[in-house]
Q: 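Let me give you the structure first, and then I'll get to my questions.
If you're wondering where the values come from, they're calculated on a predicted model, not measured in any experiment. Every heavy atom of this structure was used, including side-chain atoms; hydrogens, water molecules and symmetry mates were not.
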Amino acid sequence: MYAARRWWHDTAGGLPATFWYLWAGLLINRAGAFAMLFLSLYLTDVRGASVGLAGTVVGAYGAGGAAGVLLGGVLADRWGRRATLLAAHLATAALMVALAFSRPLLLIAVLAALVGVVHSMPSPAFVAAIVDVVPAERRSRAFNLQFWAFNLGMAVASLLAGVLAEASFTALFLVDAGATLTAAAVIGWKVPETLRLAKPTADRPPAARPATRSVRPRRPGLHTALTDRTFLVFVGLTFVLAVLTMQTSTIMPLAMRADDLGPSAYGVVVALGGALIVIGQLFVPRLIDRHRKDVVLAASTALLALGFGVLAVADELAVYLGAAVVWTIGSMLAAPPNAQINADLAPPQLRARYQSVFYLTFPAAAFIAPTLGGVSLQHLGDLHWLIVGGVGLLAALGHLLAGPSRERHVAALRQAALPESTTTADRVPTT
């Protein structure tokens, strides 16, 4: 009994109540976000679109997602986290209802692009709100639980989507809208605004201002994140990790087909990874909390590199399954420190903007991985996987080299933030 209580404390103890409502909203959001998983099938089977046109519409959804990440980051820092989350959820629900009853393909394409925008807007706001309310020493477990909820929700969404799509695509969109409204209700009812606006320079008394200024300094904004070298190095290393992870959904199915392994075998490999995350992610904090974050990220990236590198000699399902275990463990270990470092590097007044730049790595990887990976696999064959593994090992080395200077940068940011008033986290009850 003591061991169980200790495990629960290390995994989920001491987190603010607001975090749990955010967590519940994220879980409901992900579990209900299943309509777009079947968008291409809906367009071809129900609306009579060609495969090429369906791909274009799905691409519009992806392009909207890239724009939505940046928009969500800016709005979350200006409007507030709660306002951005509510606006995005309500807009998503309305667009899903519109998609359910739309018939012209051009209208569906426009709606899909808009859904991409509002689907991606909550990501920076969710993470920024978590950083706002969770003390620094507990963020690792908070981000671990966030990653777990995201994957659990996606697993539930995949199961529900298949059932609903068999019954009615209209129901698919309407149930998605209902789940989104439920998440909005939880956030609207239980999540307060967590944004602490920095006091503007203009509020200082005239005597505190310099008498003359030859150049007006730029106000902190999105450009601050885009010119922060320490942050951009970390984003670049995360991009490599994202490209590695994207191999499972873009290039690996092609490699398995070349090895005479069909879609059912691919489904087994993907299902194994999802099951490992759902079952094992809650045990990650106790494994990594005593170690430096750069060391954990280096080890996790090396595991991803090893897992994908093994595919160079894979020709049977058992080898693919063993490799999936290795790279899934790497992904599980990487999730909490990756999110925590991203949060630590962001100035408090720009948290959501930094999150939005960070999240751009994933749509970028979703484009680069299949574009370059397909050409590489076609012309290089199994050598492709050795290249992927080599790039991963270089990224692991990059984490070890960048870690010390990154920690000094984070320490300087914390020192600069010390004079600030009591944080939101100090005023939020815990459960």
Q: Supply the atom-to-atom distance Leu237 CG to Thr361 OG1, rounded to the nearest 0.5 angstrom.
A: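 Interatomic distance, Leu237 CG to Thr361 OG1, rounded to 0.5 Å: 11.0 Å.
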Q: Can any side-chain N or O of His384 pair as donor or acceptor with the backbone N or O of Leu380 at less than 3.5 Å?
A: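 Not confirmed, His384 side chain does not pair with Leu380 backbone.
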Q: Tell me which donor-acceptor pairs under 3.5 Å the side chains of residues 175-183 have, and how far apart each pair is, sequence neighbours excluded?
A:
| unit_1 | atom_1 | unit_2 | atom_2 | d |
| --- | --- | --- | --- | --- |
| Asp176 | OD1 | Thr180 | OG1 | 3.4 |
| Asp176 | OD2 | Phe34 | N | 3.2 |
| Asp176 | OD2 | Ala35 | N | 3.1 |
| Thr180 | OG1 | Asp176 | O | 2.8 |
| Thr182 | OG1 | Gly178 | O | 2.9 |

Q: Looking at every non-hydrogen atom in both residues, tell me the closest pair between Ala225 and Val357 and how far apart they are.
A: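 Looking at all heavy atoms of both residues, the closest pair is CB-CG2, 3.9 Å.
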Q: Using only atom types and a distance under 3.5 Å, with no angle test, would you say the side chain of Glu316 pairs donor to acceptor with the backbone of Ala318?
A: no
Q: NE2 of His399 to CG of Leu241: how many Å apart, nearest 0.5 Å?
A: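 The NE2 atom of His399 sits 6.5 Å away from the CG atom of Leu241.
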Q: Please name the pair of heavy atoms, one in Asn144 and one in Pro336, separated by the smallest distance, quoted to 0.1 Å.
A: OD1-CG, 3.4 Å
Q: Strictly distance-based, threshold 3.5 Å: is any side-chain N or O of Asn338 a donor or acceptor partner for the main-chain N or O of Leu297?
A: no
Q: Hey, does the side chain of Tyr359 reach the backbone of Leu70 with a donor-acceptor pair shorter than 3.5 angstrom?
A: no
Q: Within the 4.5 Å heavy-atom criterion, are Gln146 and Val127 side-chain neighbours or not?
A: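 Side-chain contact under 4.5 Å: yes.
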Q: Please determine whether the number of non-hydrogen atoms from other residues, nucleotides or ligands lying under 6.0 Å from atom OH of Tyr21 exceeds 12.
A: no
Q: Check whether any side-chain heavy atom of Val118 lies under 4.5 Å from a side-chain heavy atom of Leu114, and answer yes or no.
A: no
Q: Between Leu90, Val117, Val115, which is the residue that forms a side-chain contact (heavy atoms from CB on, under 4.5 Å) with Leu95?
A: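 The single option meeting the side-chain contact (heavy atoms from CB on, under 4.5 Å) with Leu95 is Val115.
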Q: Using atom types as modelled and distance alone, determine if a side-chain donor or acceptor of Ser120 lies under 3.5 Å from a backbone N or O of Gly65.
A: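 The answer is yes, because a donor-acceptor pair under 3.5 Å joins these two groups.
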Q: Taking the side chain as every heavy atom from C-beta outward, state whether Thr18 and Pro192 have any pair of such atoms under 4.5 Å apart.
A: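 Yes, close enough: below the 4.5 Å cut-off.
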Q: Any heavy-atom pair between the side chains of Leu75 and Pro124 that's under 4.5 Å?
A: no
Q: Given Leu43 and Ile108, is the side-chain contact (heavy atoms from CB on, under 4.5 Å) satisfied, shown in steps?
A: CA-CA 9 Å; Leu43 290 168; Ile108 292 174; 3.7 Å; yes
Q: Check this for me, if you would: do Arg81 and Asp132 make a salt bridge, where the nitrogen-to-carboxylate-oxygen distance has to be below 4.0 angstrom?
A: yes
Q: Are Leu276 and Val325 close enough, and set up right, to give a side-chain contact (heavy atoms from CB on, under 4.5 Å), and what steps lead you there?
A: CA-CA 8 Å; Leu276 285 174; Val325 172; 4.0 Å; yes
Q: Going from CG on Leu244 to CZ on Phe239, what distance comes out if it is rounded to the nearest 0.5 angstrom?
A: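 The distance works out to 10.5 Å.
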Q: Say you draw a straight line from CH2 of Trp327 to CE of Met252; how long is it, rounded to the nearest 0.5 Å?
A: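 One finds 4.5 Å between CH2 of Trp327 and CE of Met252.
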Q: Whether the side chain of Ser376 engages the backbone of Gly373 through a donor-acceptor N/O pair (distance < 3.5 Å, no angle test) should be reported.
A: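 A pair under 3.5 Å: no.
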Q: Please report the closest heavy-atom contact between Gly374 and Ile251, naming both atoms and the distance.
A: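 Nearest pair, atom of Gly374 first, then Ile251: N-CD1, 3.4 Å.
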Q: So how far is it from Gln247 CD to Leu254 CG, rounded to the nearest 0.5 Å?
A: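 That separation rounds to 10.0 Å.
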Q: Does any part of the side chain of Asp228, heavy atoms only, come nearer than 4.5 Å to the side chain of His409, both counted from C-beta?
A: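 Heavy-atom side-chain distance check passes, below 4.5 Å.
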Q: Does a side-chain heavy-atom distance below 4.5 Å link Leu53 with Leu105?
A: yes
Q: Going through the distances and angles, do Ser356 and Leu222 end up as a side-chain contact (heavy atoms from CB on, under 4.5 Å)?
A: CA-CA 9 Å; Ser356 67; Leu222 193 59; 3.8 Å; yes
Q: Tell me the closest heavy-atom pair linking Leu15 and Arg138, and the distance in Å.
A: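 Closest approach of Leu15 to Arg138, heavy atoms only: CD2-O, 3.8 Å.
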Q: side-chain contact (heavy atoms from CB on, under 4.5 Å) between Phe358 and Leu345: does it pass, once the steps are laid out?
A: CA-CA 11 Å; Phe358 173 79; Leu345 289 173; over 6 Å; no
Q: What's the spacing between Thr301 OG1 and Leu394 CG if we round to 0.5 Å?
A: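 Here the interatomic distance stands at 11.5 Å.
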Q: Can you name the nearest heavy-atom pair linking Leu377 to Ala255, along with the distance?
A: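 Heavy atoms only, the tightest pair is CD2-N, 4.0 Å.
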Q: With a 4.5 Å limit on heavy-atom distance, are the side chains of Thr84 and Pro122 in contact?
A: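 Side chain of Thr84 against side chain of Pro122, heavy atoms only: no contact under 4.5 Å found.
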Q: Can you tell whether the side chains of Arg406 and Asp344 come within less than 4.0 Å, N to carboxylate O?
A: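 Result for this pair is no, no salt bridge flagged.
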Q: Just so I know, are the side chains of Val131 and Phe143 near enough to count as touching, which here means a heavy-atom distance under 4.5 Å?
A: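 With C-beta onward as the side chain, the pair touches.
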Q: Applying the side-chain contact (heavy atoms from CB on, under 4.5 Å) criterion to Trp148, which one of Val284, Ile279, Leu27, Val278 satisfies it?
A: Val278
Q: With no hydrogens and no angle check, is any side-chain donor or acceptor of Arg353 less than 3.5 Å from a backbone partner on Asp77?
A: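 Looks like no, no N/O pair under 3.5 Å.
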Q: Can you name the nearest heavy-atom pair linking Ser140 to Ile288, along with the distance?
A: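 Of all heavy-atom pairs spanning Ser140 and Ile288, the closest is OG-CD1, 4.2 Å.
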Q: Could you check whether the rings of His119 and Tyr61 sit parallel, tilted or perpendicular, using 30° and 60° as the cut-offs?
A: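 The arrangement is perpendicular - the two ring planes meet at more than 60°.
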Q: Determine yes or no for a side-chain-to-main-chain donor-acceptor pair under 3.5 angstrom, with Arg139 supplying the side chain and Val134 the backbone.
A: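 Such a contact is found between Arg139 side chain and Val134 backbone.
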